[in-house]
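Please read all numbers here as calculations on a predicted model, not as lab measurements.
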Amino acid sequence: MNAMPKVLVVDDGDRDPDSALSMELAGMGYASVTTPFEAADDVLALIPSPAAVVLQMPRHAGWAERRRFLELASRLRKNLAASGTPVILTGGVSGAATMLQSQLGMQAVAAQDM
């Protein structure tokens, strides 16, 4: 991939064009890789240092699906804490890019203080 900061987007594999984050992320200057839930760990291993990981739960997910995403978010937050990589959990495209921009903006400010 190129030198653009990379964001890993994990979803349930059922992608609607109007719920894709890739266009919003590209507009913010990020390359994105979208992968289904089951391949998240494998794909994360291929991206050496993602700028963020976004877990995009389906809008109408049932409790079992939500629990899967919550457990993955918890595990990834623990595993990525040392690198400071934000793990953002969202229930759809609405607000996800804003949350990402907010998280990465806070990191940039913190890095300047160091």
Do [X] and [Y] make a side-chain contact, defined as non-hydrogen atoms from C-beta onward lying under 4.5 Å apart?
X     : Y     : value
Phe37 : Asp12 : no
Met57 : Glu65 : no
Val54 : Asp11 : no
Leu70 : Leu89 : yes
Pro58 : His60 : no
Val33 : Val43 : yes
Leu55 : Val87 : yes
Leu44 : Val53 : yes

**OP:** Report the C-alpha separation of Arg77 and Leu72 in whole Å, then their side-chain angles, then the decisive distance to 0.1 Å, and conclude whether the side-chain contact (heavy atoms from CB on, under 4.5 Å) test is met.
**Re:** CA-CA 8 Å; Arg77 285 180 178 132; Leu72 179 60; over 6 Å; no
Subject >> Test salt bridge (Lys or Arg N to Asp or Glu O under 4.0 Å) applied to Arg67 - qualifying residues, sequence neighbours left out >> reply: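 Residues passing salt bridge (Lys or Arg N to Asp or Glu O under 4.0 Å) with Arg67: Glu71.
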Original post:
Once you round to the nearest 0.5 Å, how far does CD of Gln56 lie from OG1 of Thr90?
Top reply: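 Result: 6.5 Å between the selected atoms.
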Give me the atom names and distance for the closest heavy-atom approach of [X] to [Y].
X     : Y     : result
Thr85 : Ala52 : CG2-CA, 3.8 Å
Gly29 : Pro5  : O-CD, 3.5 Å
Leu8  : Ala40 : CD2-O, 4.1 Å
Ser32 : Leu25 : CB-CD1, 3.6 Å

